[in-house]
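Numbers here are sequence positions counted from 1.
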Amino acid sequence: MADPAPSSGTDPGGGPPPDALVAVVKILNPHGLHARPAARLVQEARFFDARVELRNLDTGAGPVPATSLSRVATLGALCGHRVELSATGSQAREAVDHLVALSERRFDEPEHVAADVAPPARSAGALAAAPGIAIGPAVLLSTSDVVVPDEVGDDPSVEWRRVRGAIAEVRRDLQRIRAVTARDNGEAEARIFDAHLMLLDDTDLVDDVRARIDAGAAAPRAWADATSGVEAQFATVEDVYLRERAADVHAVGQQVARALTGAPASRIEGDGVLLADDLLPAQVAELEPGRIRGLVLASGSPTSHSAILARARGIPAVVGAGPTVLTVAPGSTVALDGSTGELYVEPTGDVLDALLAADEQARAKADTARAGAHLPASTGDGVDVLVSANLGSLDDARAAAANGADVAGLVRTEFLYLGREEAPAVDEQVEVYRAMAAALGGRRLTLRTLDVGGDKPLPFASQPVEANPFLGMRGIRLALAERALLEQQLTAFVTVAHETPVSVMFPMVSTLAELEDARRCLDDAIAAVGRGRPEGLQVGIMVEVPAAALKAAAFAPYVDFFSIGTNDLTQYTLAAERGNASVAALGDPLDPAVLQLVGAVCRAAGDDTLVAVCGELAADERAAALLVALGVRELSVAPPSVAAVKQAVRETARATDADLVGRCLTAAGPDDVRQVLGEAR
């Protein structure tokens, strides 16, 4: 690789200008400069006050501007090809140095490359995500291309505004999808949307659309023809993998075309078991359980929000099944057990018989649980355990009451904030919490302050772009930095607490100083409301960081309760990002290290401070006896899981079981813990 140096001359065939700084890099990415690494290059090139051009020295393609994703694609730069970087301008040297270093890091692309293989009769890699058995024909999401209307262009300024409005709408949607993907599946998977976002801002593409409109074309036709041209550029590339990246251009083109024409995005063809690469939480929320008997996702993890929603809606699901499930022919018989992760395509008669028998047994057990849903949950030796509900809407509150929840163990208040341009007023918050309390018949509300951050952006809060948002400004850290939002929330909490029992819960607490600061804010809100401290007002923290679990004794004098969020506690303990499919199997809340932290919190809490678990582990019926034996006295779950968890508590013979605790906490891994729990039942 050459060091950056001024060019010594010009090349009649399109070489760099005389004053340019030049370097040559070797492409190390297995599939060359395809969508993700190319988008990364374009994104970084735009940061500098410099004109950067690229040439493929092995094919002669170029020069092309490094700031145009569609033009970079025409280089056809494959693994091993030499690409010449040339830059002019005030920051030419900085640009070349930075892009050379970026190329040496393979443009930050992950090392693994998926291979295509035939779909197995039984998938061994799928992960259990939502309990239940589903059997039915495979159905897929069907998306048809937009039919561009035959319309005459209006005034060019009007048509141009249509295009800009549609691009802005798609950009907002892609940014939302990217944020969700980064949170639930990892930053590496989310980077594919960087390429899509870059295309929306591609100067060459946008200029082409504008020129077509100025020539008299209507907005949909101008956009469709311009994007077809970019697709054609990809189609001319020799490498098969790079040619297939035309699908990215097509996807973005279709999204904008739909925004321009109002065409529907996708539909599900038929009823049965839905197979998809991944689904956004909003898509899962719109599934009809009567039509969709089960859900199979090629990617994702059991702790993703899509999986959580599937559990909440009672749709059996497996995730992380791999890309081969997408090759299953529509109509093929698919069977899955969302409790074990077993997945079968065209199962044998014996397998179907076994699954149907297990389903019948599970249904009988569920009937027993539903019959006792509104009764207290006590162990065989008379120890009461609260089974509460995690809520993210007023409908959730109604479902919690219908399913027999003792209290609202977690209200995710961010549902009032996400997807809007300004924060909700105090009065609006109060009205929503009053309605939730009414739906629950006056049961206690545990209101968590905003748990948002870099992975869940708010347009009205100042949030930095972070390389790893899970380790950055989120939870209580962001709330304390955005005092106005926190003060408004706490004012609403205190107001409602004068009318119904309320517990205030602070998320992502790591230090005692954070808790002390947050409590001062709560005291200020009590003073501002002016009616004194509400009777029965409680204060607690979520234990999601290992440091908080290990320092629980220091926090205990300042709280009425601890609520252990096992989803985040697991990812931080095992360094396995929740939602990242490549490490999803590592992020197991039954890992003995996680269980030891739960036990540490319970020991520090003693008899005076309640310990709850509000992560997904709380809904694992097999784990109920162990959690109770560790000292947990509240299990907070999705409303549909309340009855089953209550029944699991009733089937626990005794609240103290030193042998069970000892065997599980000293086990080698989560599979060994499951074996112990299976033997104990």
Item checked: Check against side-chain contact (heavy atoms from CB on, under 4.5 Å), V642 and V637 -> CA-CA 6 Å; V642 168; V637 301; 3.9 Å; yes
How long is the gap from [atom1] on [X] to [atom2] on [Y], to the nearest 0.5 Å?
X: L597; Y: L665; atom1: CG; atom2: CG; result: 9.5 Å
X: D337; Y: T340; atom1: CG; atom2: OG1; result: 3.5 Å
X: I541; Y: I476; atom1: CD1; atom2: CD1; result: 10.0 Å
X: L490; Y: L486; atom1: CG; atom2: CG; result: 4.5 Å
X: L626; Y: C664; atom1: CG; atom2: SG; result: 4.5 Å
X: R448; Y: L410; atom1: CZ; atom2: CG; result: 5.0 Å

Restricting to non-hydrogen atoms, name the atom on [X] and the atom on [Y] that form the minimum distance, rounded to 0.1 Å.
X: S510; Y: A547; answer: O-CB, 4.5 Å
X: T573; Y: P546; answer: OG1-CG, 3.6 Å
X: I292; Y: I315; answer: O-CG2, 4.1 Å
X: A408; Y: L391; answer: CB-CD1, 3.6 Å
X: A623; Y: L677; answer: CA-CD1, 4.2 Å
X: G294; Y: A134; answer: CA-CB, 3.7 Å

Margin query: For Q361, is the CD atom crowded, meaning more than 12 foreign heavy atoms sit under 6.0 Å from it?
Written below: no
Margin query: Please determine whether side chain to side chain donor-acceptor pair (under 3.5 Å) holds for the pair Q647 and T368, giving the CA-CA distance in whole Å, both sets of side-chain angles, and the decisive distance to 0.1 Å.
Written below: CA-CA 8 Å; Q647 185 62 25; T368 300; over 6 Å; no
Item checked: L480 backbone acceptor or donor facing R483 side chain under 3.5 Å ->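 Present.
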Notebook entry, point to check: Side chain of E482, backbone of A479: donor and acceptor closer than 3.5 Å?
Noted result: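 Checked: no pair found.
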Any [X] side-chain heavy atom under 4.5 Å of [Y] side chain:
X: I564; Y: E544; value: no
X: L512; Y: F555; value: yes
X: D451; Y: M508; value: yes
X: I133; Y: L336; value: no
X: L522; Y: V494; value: yes
X: V628; Y: R654; value: no
X: M505; Y: S563; value: yes
X: T500; Y: L440; value: no

Next item on the list: Check the pair E621 / K646 against salt bridge (charged side-chain N to carboxylate O under 4.0 Å, His left out), numbers first and verdict last.
Entry: CA-CA 9 Å; E621 299 167 44; K646 280 190 170 184; over 6 Å; no
Note to self: So, applying side-chain contact (heavy atoms from CB on, under 4.5 Å) with T379, which one of T652, T656, D384, D657 is it?
What the structure shows: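 Of the listed residues T652, T656, D384, D657, the side-chain contact (heavy atoms from CB on, under 4.5 Å) partner of T379 is T652.
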Next item on the list: Report the residue from D560, L610, V504 that forms a side-chain contact (heavy atoms from CB on, under 4.5 Å) with Q538.
Entry: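 Result for side-chain contact (heavy atoms from CB on, under 4.5 Å) with Q538: D560.
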Note to self: Between Y433 and L447, is the side-chain contact (heavy atoms from CB on, under 4.5 Å) condition met? List the steps.
What the structure shows: CA-CA 9 Å; Y433 301 144; L447 299 172; 4.0 Å; yes
Note to self: If you apply the rule side chain to side chain donor-acceptor pair (under 3.5 Å), what do you find for S503 with R444, and how did you get there?
What the structure shows: CA-CA 7 Å; S503 296; R444 178 173 289 275; 3.0 Å; yes
Item checked: Q489 versus T413, side-chain donor and acceptor atoms under 3.5 Å -> yes
Checklist line | Any side-chain donor near an acceptor of the partner, Y417 and Q429, under 3.5 Å | finding: yes
Show me the donor-acceptor pairs within less than 3.5 Å that the side chains of residues 395-403 make with the rest of the protein, sequence neighbours left out.
residue: D395; atom: OD1; partner: R398; partner atom: NH1; Å: 2.8
residue: D396; atom: OD2; partner: G392; partner atom: N; Å: 2.8
residue: N403; atom: ND2; partner: A399; partner atom: O; Å: 2.7

Next item on the list: Output yes when D367 and R363 qualify as a salt bridge under the 4.0 Å nitrogen-oxygen rule, no when they do not.
Entry: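 Here D367 does not pair with R363 in a salt bridge, since their nearest N and O are not under 4.0 Å apart.
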Notebook entry, point to check: Is the shortest side-chain N to carboxylate O distance from R674 to D620 below 4.0 Å?
Noted result: no
Next item on the list: Assess whether side chain to side chain donor-acceptor pair (under 3.5 Å) is satisfied between S636 and N390, documenting all intermediate values.
Entry: CA-CA 6 Å; S636 194; N390 300 330; 2.6 Å; yes
Margin query: Test: salt bridge (charged side-chain N to carboxylate O under 4.0 Å, His left out). Region: residues 518-541. Which pairs qualify, not counting sequence neighbours?
Written below: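 Sorted result for residues 518-541: D517-R520.
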Next item on the list: Determine, stepwise, if the pair E634 / V385 fulfils side-chain contact (heavy atoms from CB on, under 4.5 Å).
Entry: CA-CA 6 Å; E634 180 180 337; V385 177; 5.8 Å; no
Next item on the list: Could you check L274 against V296 for side-chain contact (heavy atoms from CB on, under 4.5 Å), going step by step and ending with a plain yes or no?
Entry: CA-CA 6 Å; L274 177 61; V296 178; over 6 Å; no
